[in-house]
Asker: 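Next up is a structure, given as structure tokens.
Atoms considered below: every heavy atom in the structure, side chains included; atoms not considered: hydrogens, waters and symmetry mates.
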Amino acid sequence: MKKVIIGPTFYAAGQALQADNDVLVIGRNSSIGDEWSYSYRQIDSTPFMPDSEITLDLLTELSGLSLTSPEENALAVSVMLYKFLEKIPEKFKLWTEIELIKEVEDGYELTLYTVSGREVIQCGELIDNTPDARTCPDWGQSNIQAKRLNMVVSNCGDDSELVSEFSELTIRAGRTEKEAVVEYKVDPKAAMMEARKQLLELWQQRPEKMRNWKIASFGAEFDYDLSCDIYDIQPNWKFINPLAFASPAAAFDAGLTGGGC
Amino acid sequence: MLLSELHNGETVNKPIANPIFDVKCDVLVAGLGTAGALAAIAAAEAGAKVIGVERLKMCGGTATAGGVFGYYYGLPGGRFEQVDATCLELSNEHFVAGNNNRHPYAKSHVQEQAIITAGGEIMYETTLVGIYLADDTIRGVKVISSGKTVNIACKVLIDGSGDGEVSAAAGANFTLGRQLDGQPQPFSSIRVFVTENQHLGLANFDAGYVLPNDAEDLTRGLLKANALHRGGLENFGDGLLWVTLPPGPREGRLIECDIRLRFSDFINGERCKNPITYAFSNFDSHTQDWAFESDEVKDWMVSASLWGFTFSFPLPKEIMYVKGFTNLLCAGRNISIDHDMASAVRMQRGLQKLGEAAGLIAAFASHDNTDIRNIDHAELVAAMKASGALNEAHQFKGDTFETDPAKIQDILASDAPGNAIWQAGKNLDQYHDMLIKNLDSDDKNLARNSALALGLGDDKAAIPKLIEIVRERDQFEPTSSRSHNQRRILGALHLLGGHDGPEAIAALLDFIRVPDLDMQEFSHTLIALLTLGDRHLTHQAEIADVLSECLGEGCAEYKLLLKNSSSTGYRAFVDMTKFMQRVLKERLQQWSNL
């Protein structure tokens, strides 16, 4: 019976591409891989040897482009991924809200809300692949070791310096010399609007020598460090940490090959 | 009380005992997008207790999360100008902007703060799933907010969902897409990136057709659209920040309200007398397969090539009053217009003004505990004028039609004849004799453009010259508009379909058998013949035979290149052969049933 994965992550995309996998991937957003692409999470730059031919093809094609640091560019990886995913639209349901999950005789009944309205589906196995465990939010909250709102900043002047830390912010290198990523650690319960406001206010107070480093984008998703990578929520309903991999490509490869995290 | 919901596309009502509301407000704005954010600001600043619910995690919709941070037409004035001014200051100082752009996150922040400062509340990651109804009055809504169900009581509900899903859930009537196949305009995908010179850049292109109220079709379209960003990735990939966070339909459900604005009203010169603001644009339709659009649109876009003609259009408040409900307003591109008008009344400035008006109306109605229809129109107009959203001078903005016969004669003879073709064709009583005389002119442009004008005016005298244009396969492309000019032959093919007469049928049947027709030539001829067949029962069999042969097994492949799609590095095409085969099959079935 069908497996449902909640969270259209890189790992879930790999699972969907497994030919014999009867899987449906459900997500609130309109894109795949947001847990990396839109959290601006740091990617491990250690060379990665994938187990799957598909991942190898993807990385080979990506490295053929003249990007500065292709494998550390989660958005570029996700954009490349769609050439596979557009061929299997039946395995995805995007822009979809989960209204209710109910245990039934052979598994679980999910009430979804899409642009067509309410729809009820059933599955034998349920995987919560959202970083904050959307289907089990109280446990998900307790599983958070650290929660960050990251933002991409760009050097809009030639003479601007950048320090690695100031105030409550940590700053690391971005994809190019002109880019950096600012990390702001927030309370596990912090909401996006308030976190964004605080981060903006902190950045407005940046040292004068950093005035030309300006905000290119806030993360649309939070970045997390989690305690537990796999957790049984109920029988045949488990949480898998989509961020328990060194990179988006590694997550995708693990999904494809059925590897763990 | 009833709980009204959408179930697999259908509205379902079920009786419900008095629900327990977790929160109460005066005005609930469902969808804090282009119009919704301004509605929430205006309502809160007018003293209403406002709750805004938004599916995403930011305000502003298409202008922010959607990445379209520049304006296309629209007119200045209104509460949004203050938002923009603050946003610009913030952007210039702290955001990657360049060229005085308003950074999307700066705009969202300014809108959030405006709502909160005025006492409003924002619930992000919240989706409306049901509506509590007592007869024709909405009592509240049911939402899923961060995984939890919340019931919110409200006095007035504003549907700020661009696709009208809130009004649809309430049971409002709506239309979707064009008459022939129910297809809305192609949808767009947008990416935002930092350019090499550290400016904020955006690129948008049409990615295909999607039914925005069909969950499966939407997912299919999104995956395909996102894949198209691979084109040219090496040029922008280092600076890529995001690909549109909300899906990018340009047109969704168009809700039925007390008044519906139609394209036919526009071209007939009908204008509302009590506007609350003005829209200003050209008809920026992203359609490229014009043959399948309405006859009025083809007259304007194809025969006269008036795509770029700009105009101001007065908007009454009643295009937001959802029919059948005392306290439901729609604000955004879901307002009550027809498919043709949807290409002109969706621009951000105009929608922000409508949002402001919706917020004010809702605040006034909730304050007086009355039907939205009972608010004081004069008070609304005064408030809109005070903010600059209503400026009567705006009615005179836009291009005008030439009326001087001598000048019309010159324009008809020029390479940019559209203005005169339209003016003369739609006012034959004034220009008929001149046009008839022009048909015999040695000046090819003058003679043939005059035939197009006579054709627009349904004058049979045009037929021989229109047939001549077709037989010679006249590929003259005018320069009437800054873009999207249509070849003369396409205008002639369209107009012949509207004229009775066996000679037109014979000419079109000959033409459609020419082996190397392009998609536009073929599709216009197909529709012209089907239109003629509808009226000439004795010719149906002949038309059916020829068209069945032309679209039969092994026929030519016709593909449609979508707007701006070549800018992605990949050119996005739609397979039109199968579509036209389906159109033919359905029409032949109708003829057979008759």
Asker: Is it the backbone or the side chain of B:V243 that comes under 4.5 Å from a heavy atom of chain A, or both, or neither?
Answerer: both

Asker: Rounded to the nearest 0.5 Å, what separates atom OH in A:Y113 from atom CG in B:L128?
Answerer: 6.5 Å

Asker: Show your working on side chain to side chain contact (heavy atoms under 4.5 Å, CB included) between B:L223 and A:K87 and close with a plain yes or no.
Answerer: CA-CA 9 Å; B:L223 293 172; A:K87 294 173 186 158; over 6 Å; no

Asker: To the closest 0.5 Å, what do you measure between NZ (A:K214) and CD (B:E93)?
Answerer: 6.5 Å

Asker: Is it true that a side-chain atom of A:R118 and a backbone atom of B:G9 form a donor plus acceptor pair closer than 3.5 Å?
Answerer: no

Asker: Relative to chain B, which segment of A:E221 carries a heavy atom at a distance below 4.5 Å: side chain, backbone, both, or neither?
Answerer: both

Asker: Answer with side chain, backbone, both or neither: which region of A:I98 has an atom nearer than 4.5 Å to a non-hydrogen atom of chain B?
Answerer: backbone

Asker: From B:H109 NE2 over to A:L200 CG, what is the distance, rounded to the nearest 0.5 angstrom?
Answerer: 5.0 Å

Asker: Which atoms form the tightest heavy-atom contact between A:L75 and B:W242, and what is the distance?
Answerer: CD1-N, 4.0 Å

Asker: Examine distances only and state if a side-chain atom of B:R55 and a backbone atom of A:W95 form a donor-acceptor pair shorter than 3.5 Å.
Answerer: yes

Asker: Where does B:T244 contact chain A at under 4.5 Å (heavy atoms): side chain, backbone, both or neither?
Answerer: backbone

Asker: May I ask you to name which of B:L218, B:N235, B:D217, B:I144 has the most heavy-atom pairs under 4.5 Å with chain A?
Answerer: B:I144

Asker: Select, from A:S66, A:S31, A:A76, the one with the greatest count of heavy-atom pairs under 4.5 Å involving chain B.
Answerer: A:S66

Asker: Look at B:K57, B:H199, B:E10, B:E5 and state which one has the largest set of heavy-atom pairs under 4.5 Å with chain A.
Answerer: B:K57

Asker: For B:T126, is it the side chain, the backbone, both, or neither that has a heavy atom closer than 4.5 Å to a heavy atom of chain A?
Answerer: backbone

Asker: If only atom types and distance count, is the side chain of B:H103 paired as donor or acceptor with the main-chain N or O of A:A216 below 3.5 Å?
Answerer: yes

Asker: Apply salt bridge (charged side-chain N to carboxylate O under 4.0 Å, His left out) to B:K142 and A:E99, showing your working.
Answerer: CA-CA 11 Å; B:K142 179 181 173 185; A:E99 198 177 339; 3.6 Å; yes

Asker: Distance from B:E125 atom CD to A:N29 atom CG, nearest 0.5 Å?
Answerer: 8.0 Å

Asker: With a 4.0 Å cut-off, would you call A:R196 and B:E112 a salt bridge?
Answerer: yes

Asker: Measuring from atom CD of A:E194 to atom CD1 of B:I122, what distance do you get when rounded to the nearest 0.5 angstrom?
Answerer: 11.0 Å

Asker: Shortest non-hydrogen contact from B:N226 to A:S30?
Answerer: ND2-O, 3.4 Å

Asker: I need the residue from B:L90, B:V96, B:D163 with the largest number of non-hydrogen atom pairs under 4.5 Å to chain A.
Answerer: B:V96

Asker: Would you name the heavy atoms of B:Q198 and A:N155 that are closest together and state the gap between them?
Answerer: CG-O, 3.3 Å

Asker: Can you tell me if A:R175 uses its side chain to pair, donor with acceptor, with the backbone of B:L240 under 3.5 Å?
Answerer: yes

Asker: For atom CD of A:Q234, decide whether the heavy atoms of other residues, nucleotides or ligands shown that lie under 6.0 angstrom number more than 12.
Answerer: yes

Asker: Heavy-atom distance under 4.5 Å to chain A: side chain of B:V129, backbone, both or neither?
Answerer: both

Asker: Measure the CG-CG distance between A:N73 and B:L233 for me, rounded to the nearest 0.5 Å.
Answerer: 7.0 Å

Asker: Go through the atoms of B:P212 and report whether side chain, backbone, both or neither lie under 4.5 Å from a heavy atom of chain A.
Answerer: backbone

Asker: Answer yes or no: are there more than 12 heavy-atom neighbours, outside A:E177 itself, under 6.0 Å from its atom CD?
Answerer: no

Asker: Could you tell me which non-hydrogen atom of A:F218 sits nearest to which non-hydrogen atom of B:Y105, and how far apart they are?
Answerer: O-OH, 3.4 Å

Asker: Go through B:V192 and A:S217 one step at a time and tell me if the side chain to side chain contact (heavy atoms under 4.5 Å, CB included) criterion holds.
Answerer: CA-CA 10 Å; B:V192 180; A:S217 179; over 6 Å; no

Asker: Quick one: what part of A:Y40 sits under 4.5 Å from any heavy atom of chain B, side chain, backbone, both or neither?
Answerer: side chain

Asker: For a 4.5 angstrom cut-off between non-hydrogen side-chain atoms, does B:L228 reach A:Y82?
Answerer: no

Asker: Go through the atoms of B:F95 and report whether side chain, backbone, both or neither lie under 4.5 Å from a heavy atom of chain A.
Answerer: both

Asker: Looking at B:E216, I want to see if its CD is surrounded by more than 12 non-hydrogen atoms of other residues, nucleotides or ligands under 6.0 Å.
Answerer: no

Asker: Take B:R220 and A:E86 through the test salt bridge (charged side-chain N to carboxylate O under 4.0 Å, His left out) and record every step on the way to the result.
Answerer: CA-CA 7 Å; B:R220 177 198 58 73; A:E86 67 171 330; over 6 Å; no

Asker: Check whether B:A169 gets within reach of chain A through its side chain, its backbone, both or neither, counting any heavy atom under 4.5 Å.
Answerer: side chain

Asker: Given that the side chain runs from C-beta out, which part of A:T135 has a heavy atom under 4.5 Å from chain B: side chain, backbone, both or neither?
Answerer: neither

Asker: Select one option (side chain, backbone, both, neither) describing which atoms of A:V79 are under 4.5 Å from chain B's heavy atoms.
Answerer: both

Asker: Decide whether B:D214 and A:S116 meet the rule of one side-chain donor and one side-chain acceptor closer than 3.5 Å.
Answerer: no

Asker: Between A:R206 and chain B, with a heavy-atom cut-off of 4.5 Å, which part of the residue counts as in contact: side chain, backbone, both or neither?
Answerer: side chain

Asker: Which heavy atom in A:M193 sits nearest to a heavy atom in B:I116, and how many Å separate them?
Answerer: CE-CD1, 3.5 Å

Asker: Check each atom of B:L222 against the heavy atoms of chain A and say whether the ones under 4.5 Å are side chain, backbone, both or neither.
Answerer: side chain

Asker: Which bit of A:M192 comes within less than 4.5 Å of chain B, counting heavy atoms only: side chain, backbone, both or neither?
Answerer: side chain

Asker: Pick one of side chain, backbone, both or neither for A:I32, based on which atoms fall under 4.5 Å of a heavy atom in chain B.
Answerer: side chain

Asker: Which heavy atom of A:E179 sits nearest to which heavy atom of B:D238, and what is that distance?
Answerer: OE1-O, 3.8 Å

Asker: Keeping the roles fixed (side chain from A:T114, backbone from B:A215), state whether a donor-acceptor pair exists under 3.5 Å.
Answerer: no

Asker: When you check the gap from the basic side-chain N to the acidic O, do A:E61 and B:R230 get nearer than 4.0 Å?
Answerer: yes

Asker: Using a strict threshold of under 4.0 Å (side-chain N to carboxylate O), is an ion pair present between A:K178 and B:E196?
Answerer: no

Asker: Please state whether the side chain, the backbone, both or neither of A:T68 comes within less than 4.5 Å of a heavy atom of chain B.
Answerer: both

